[in-house]
Amino acid sequence: MDFGLSDEQRQIREEVRRFAENEIEPVAQEYDVEETFPHDVHEKAAEMGLTGPYIPIEYGGAGYSILDTTLIVEELFAVDPGIALSISASSFGCEAIMEFGTEDQKERFLEPVALGEKISGAAISEPDTGSDVSSVSTTAEKDGDEWVVNGTKMWITNGTVGDFFVVLCKTNPDAEGRYNGFSQIIVESDRDGFSAEKITGKLGIRASDTAELVFDDVRVPEENLVGTRDAAFLQQMQFFDQTRTAVAAQGVGIAKGACEAALEYAQDREQFGKPISEFQAIQHKLADMHTRTEAARMLTYKSAWKVDQGEDITQLASMAKEYASRVAVDVADEAVQIHGGAGYVNDFPVERFYRDAKITQIYEGTTEIQKNIIARELLGKGL
Amino acid sequence: MMKVLVTVKEVATVEDEFEIEGTAIDERYLGADLNEWDDYAIEEAVQIAEAIGEDEVDVVTVTIGPEDCEQTIRQALAKGADRAIRVWDDTLEDADLLDVGAKTAILEAVVEDEDPDLVLSGVQSGDDSFMATGVSLADAVDFQWAAVVNSLDLDVEGDTASVRRELEGGVEELTDVSLPAVLTIQTGINEPRYASLRGIRMAQRKELTVQRLADLGLDSSVVEGDLRLTGMSVPESESDATVFAGGPEETASELAAILREKGVGQ
């Protein structure tokens, strides 16, 4: 058993943190308040290769493992989750193209994303489809050598800034079994009949773009089908271990950022003639926050490492996602508490961490869904 | 094939609040980082290679330092240097202080081995701040030199570096230096890049050679200098520094108010 990071991994971590502190921190408050996508930061991040770390080298990426990517996500989220998501999610959907796409699709879609020239998205949720993914009602019908897509997608990350989306569609309404008959189809945002409306007023991750997508007889060529027709559900499921681990890494990052901010503030802030870090009530909070963050980190790293080993880790990934997101919410809460009144306004980053943390318990499967999965695995009940 | 040798130092960084133990800062308050000026020198060398053609230019870094500083060296490799040399052995490990003379002698030996067309060195190191090694090296190897260079235009065909040097009092000098030359590089000459993820990946496979003094044909006498560190203290503060936080809209007027108050701007 080896808990050490390699020299290369330490170097990745330090350089990403340097980038985040220099390029993200100074503008984090502004993008949060304005609720706009940080195009300029995204561009700089692309130069460094942060827009597709796991995309293979031959397609313009760095070919890094899931564990390496976890370290990157953690450092970015420790500085600002909204901008961090705008960077780390700029390749959403690409994992499906990487795994199941044709050579032509990989060349056309992966490289521009890795180089930061394009932004991608994954469109799964709908107004009436959240945790129950099998209720997707967006359809794609074959007409000659084209797919005709109709329907509405909701809560889509990068919705108004994305250049293409991997859209989960029902392609065979007559398929037997609730998980059959779906396909993943790439829809470019400049196709006729595609429209996106930005969703504003989010509690957190406000720099990240979220939108409702409408597909009104959108026609795409048949070669935009990703992988096997009608088998998208099985394809999609293969990435749950990876995507849930990624959200766990986000949670660890937020908790890390909140821990660091709280530790620093507690030593600076003086009351009753001494720094508040001298008081045991604050010391115990700091001890608990750091301990739980480290526990979440170990669970997350193990989950990432297992994904890299090619193991099927449904239960572990759900444990990491559920626990790390809960720790993020709790630790951010305590960080605000330590800041007192100063933590209730946006002069300090903890106010953002507090608002940003909550989403990690909601997207990529809610806390409740994760617990269902863990219990199901424990009790040996299948899908 | 053109060769650019960049001197790279890992410097000690210190926290805002620290304690001094004898003639050293207590290790608890110390960190390590790539010397800021060398970061600009590396960037300049890599930009030269990118402009001329990466296959036409060999960028080599040289560092005097223990194994611990290999991570800093890898950072230079990740930013685009082709290979690295690290000089260290027990004699250097045991030396109390490596002064300019010792560094000059070591780097002189490396220059003789490598035979570069151009040596780029940071103007100074962030910790010792001797501001002398680059020029001293030029003298030792009998190269042309220019110090505190903040703009560089290289004419490879003509074997000439056209440089802009920063002098005191806001005065700058434009001059041409014939190659081979040593240039000490000032901050601001370029905008150093972040090491890209691909760069970090490739850096792990780049050649990093470790050389002992004996490998360079030197013996322990190089570390014997006349310089001794006899004391260390925090200088008395004679003036106050004011840091303005916020965007230019607010800070500009705050600055103007202070300048008016001090009688600087009329």
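Computed from a predicted structure; not experimentally measured. Throughout, protein chains are lettered first and strands after them, A, B, ... in sequence-line order, and every chain is numbered starting at 1.
- Interface residues of residues 74-85 of chain B toward chain A, defined by a heavy-atom distance below 4.5 Å and sorted by number: B/R74, B/Q75, B/A78, B/K79.
- Remark: B/D94 CG is packed, more than 12 non-hydrogen atoms of other residues, nucleotides or ligands lying under 6.0 Å away.
- Contact tally against chain B (heavy-atom pairs below 4.5 Å) for A/S6, A/P26, A/G60: the top residue is A/G60.
- Residue pairs meeting the side chain to side chain donor-acceptor pair (under 3.5 Å) criterion with at least one member in residues 34-48 of chain A, sequence neighbours excluded: A/E23-A/K44, A/Y31-A/D40, A/E35-A/R206.
- Environment of CD in B/E191: sparse, with no more than 12 heavy atoms of neighbouring residues, nucleotides or ligands closer than 6.0 Å.
- Within the 4.5 angstrom heavy-atom criterion, atoms from both the backbone and the side chain of A/L50 approach chain B.
- Around the CD atom of A/E103, the shell of radius 6.0 Å holds more than 12 heavy atoms that belong to other residues, nucleotides or ligands.
- Contacts between residues 194-209 of chain B and chain A, defined by a heavy-atom separation under 4.5 Å, are made by B/Y194, B/A195, B/S196, B/L197, B/R198, B/I200, B/R201, B/Q204.
- Annotation: salt bridge (charged side-chain N to carboxylate O under 4.0 Å, His left out) contacts of A/D308 (sequence neighbours excluded): none.
- No more than 12 heavy atoms of other residues, nucleotides or ligands shown are found within 6.0 angstrom of OH on A/Y354.
- Within a 6.0 Å radius of CD in A/E30, other residues, nucleotides and ligands contribute more than 12 heavy atoms.
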Practice task
Take A/R18 and B/D33, measure what side chain to side chain contact (heavy atoms under 4.5 Å, CB included) needs, and give me the verdict at the end.
Solution key: CA-CA 12 Å; A/R18 206 189 315 266; B/D33 206 350; 3.5 Å; yes
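- Around CD of B/E19, the count of heavy atoms belonging to other residues, nucleotides or ligands within 6.0 Å exceeds 12.
- Other residues, nucleotides and ligands place no more than 12 heavy atoms under 6.0 Å from the OH atom of A/Y344.
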